[in-house]
Amino acid sequence: MIRNLTLAASLGLTLVVMLSGCGNNNAERSVQSNQMPETTRIAQQAEGQLRAVDYTVRFTANKKVTTKHDKSVEAVKNMMKLAKQGKVAGSEYGAQTGLFDDVEKDWGKPDTNESAGKGIYATYAKKHIVFGYNKGMQIFDVRSERPEVQSLTLSDVEKTLGKPKEVRKSGKDTIYVYPAGEDYELKFVMPTPTKKQPNPHIHHISVYYPRGAVNLMQG
């Protein structure tokens with residue numbers, strides 16, 4: 001009887017040891033199993049974050065370029081739209097239809113009022129507007145040097161309006177001339193492009209009424 005109990009106890013102890021060993025091995029495998037996925041997960045998260053940052057940077061940069069391009073295109077289109085009415089932004093007085101008498105009554109005396117070319121040019125510096133008018137006081141040229149004009153570049157103009165009808169030279173300036181309806185021309189005046197600066201900014205635009213630019217200063 002005692003012998004049987006001793007044998008049973010020995011067998012039980014052996015079984016406990018064996019189960020304990022299996023448990024430790026399983027625990028070790030479990031730890032190793034848990035460690036590998038965690039490390040991999042962290043690495044994958046880091047890689048994902050880097051990709052997200054890279055995408056965000058590229059998306060933001062592309063968005064800025066696209067936004068600037070879109071604004072430039074809209075600005076040029078709006079200039080052409082107004083030019084077909086003989087006008088520029090910031091002035092209700094247009095070429096052909098406007099009289100400088102009315103401008104002076106409304107805006108006051110110009111900063112300068114000088115003879116030039118085929119007429120007289122009156123400058124309103126604070127408004128960034130210049131009017132050219134003939135002896136009959138008819139406005140034939142409206143020029144704008146507003147910030148939205150000077151923020152444009154030659155490439156902005158060409159991408160929107162294509163190649164000009166005519167390219168003229170005036171001293172150190174180059175003038176791109178586009179028809180604006182039947183009566184007007186829209187001119188973009190800029191420093192002449194060079195190898196160092198092939199894409200200059202626009203200095204000013206001119207909405208020009210050729211038939212009003214007769215030399216009525218004589219006689």
Side-chain angles (χ1 to χ4, degrees), residues 68 72-73 75-91 93-96 98 100 103-104 107 109-219:
K68 180 183 182 302
S72 298
V73 168
V76 175
K77 285 182 177 179
N78 188 54
M79 289 172 193
M80 177 57 77
K81 180 180 179 180
L82 288 172
K84 290 179 179 180
Q85 304 171 36
K87 298 179 178 180
V88 299
S91 172
Y93 303 101
Q96 184 184 8
F100 184 67
V103 176
E104 204 166 29
W107 289 14
K109 295 290 183 181
D111 297 291
T112 61
N113 201 27
E114 302 172 338
S115 296
K118 297 180 179 181
I120 298 176
Y121 280 80
T123 300
Y124 289 87
K126 290 183 179 180
K127 293 182 178 290
H128 305 286
I129 301 289
V130 178
F131 295 101
Y133 61 97
N134 58 33
K135 189 176 179 180
M137 304 302 284
Q138 181 189 40
I139 297 171
F140 65 84
D141 191 2
V142 186
R143 299 179 180 181
S144 172
E145 301 175 1
R146 287 162 62 95
E148 63 265 31
V149 172
Q150 297 188 340
S151 68
L152 298 174
T153 63
L154 173 58
S155 64
D156 292 328
V157 175
E158 287 189 313
K159 286 177 182 177
T160 307
L161 300 179
K163 295 296 182 181
K165 173 186 175 182
E166 185 180 353
V167 178
R168 302 172 186 167
K169 301 287 185 179
S170 178
K172 295 182 179 181
D173 292 335
T174 293
I175 305 169
Y176 273 41
V177 183
Y178 293 87
E182 296 180 359
D183 296 322
Y184 309 109
E185 295 175 344
L186 174 57
K187 303 177 185 180
F188 292 86
V189 184
M190 73 205 84
T192 297
T194 63
K195 289 183 179 180
K196 290 185 177 180
Q197 182 49 273
N199 187 33
H201 278 80
I202 306 302
H203 180 266
H204 69 269
I205 60 171
S206 165
V207 176
Y208 194 71
Y209 174 55
R211 282 180 283 176
V214 293
N215 192 349
L216 296 179
M217 300 305 297
Q218 297 178 352

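Position 1 is the first residue of the sequence, and the numbers go up from there.
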If only atom types and distance count, is the side chain of Asn134 paired as donor or acceptor with the main-chain N or O of Ala213 below 3.5 Å?
no

Determine, stepwise, if the pair Tyr121 / Asn113 fulfils side chain to side chain donor-acceptor pair (under 3.5 Å).
CA-CA 6 Å; Tyr121 280 80; Asn113 201 27; over 6 Å; no

Quick check: Tyr176 with Phe188 (ring centres under 6.0 Å apart)?
no

Are Lys169 and Thr174 linked by a side-chain donor-acceptor pair shorter than 3.5 Å?
yes

All heavy atoms of His201 vs all of Ser151, minimum pair found to be CD2-O, 3.5 Å

For Asn199, does its backbone N or O pair with a side-chain atom of Gln197 as donor and acceptor, under 3.5 Å?
yes

Should the pair Trp107 and Tyr93 be assigned to parallel (<30°), tilted (30 to 60°) or perpendicular (>60°) ring geometry?
perpendicular

Quick one, Thr112 and Thr123 - any side-chain contact, counting heavy atoms below 4.5 Å?
yes

Which atom pair, heavy atoms only, marks the closest approach of His204 to Glu145?
CB-CG, 3.5 Å

Kindly indicate whether the side chain of Val157, heavy atoms from C-beta on, has any atom under 4.5 Å from the side chain of Tyr178.
yes

Residues in side-chain contact (heavy atoms from CB on, under 4.5 Å) contact with Val177, at least two apart in sequence or another chain:
Glu166, Arg168, Ile175, Glu185, Lys187

Would a 4.5 Å heavy-atom cut-off, applied to side chains only, mark Arg143 and Ile205 as touching?
no

If we ignore angles and hydrogens, is there a donor and acceptor under 3.5 Å between the side chains of Asp156 and Thr153?
yes

Between Tyr184 and Tyr209, how do the two ring planes meet: parallel, tilted or perpendicular, split at 30° and 60°?
tilted

